Amino acid sequence: FALPVLATTGFTTDPEAATFVTYAVLFLGYVALASRSTVAAMIVHLINNTIALVIATQVSASGASPNFPTIAIAASVLAIPTGIALVRRT
């Protein structure tokens, strides 16, 4: 798990983003291993990124500045249960 985390967080200078990405990569790795399917991890990743993109777009359209931690937490609130459900399904 260490290599993907280091590779991903090495490109950001924002400690909040690096912390979130570290936990996200670890969770996606858990989903992939526990479900024995990379497709399950890809579905969770897709849901997380889609929700984050929609929230960031809506916030930007309102004229406010997107707040990364708020967007990341909101996206994770739906992505994490999806991952757990996919793991339990297998």
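Small disclaimer: the values here were computed from a predicted structure and weren't measured.
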| For Ala79 and Asn48, which heavy atoms make the closest approach, and how far apart are they? | CB-CB, 3.7 Å
| Taking all non-hydrogen atoms of both residues, which atom of Ala41 and which atom of Val31 are closest, and how far apart? | N-CG1, 3.7 Å
| Taking a hydrophobic cluster as the set of Ile, Leu, Val, Met, Phe, Trp and Tyr residues connected by side-chain heavy atoms closer than 4.5 Å, whether directly or through intermediates, do Val39 and Leu86 fall within one such cluster? | yes
| note | Hits for side chain to side chain contact (heavy atoms under 4.5 Å, CB included) against Ile51, two or more places apart or cross-chain, chain-then-number order -> Ile47, Ile55, Ala75, Leu78
| task | Please list, chain by chain and in numerical order, all residues satisfying side chain to side chain contact (heavy atoms under 4.5 Å, CB included) with Ile84, sequence neighbours excluded. | result | Phe27, Ile80, Arg88
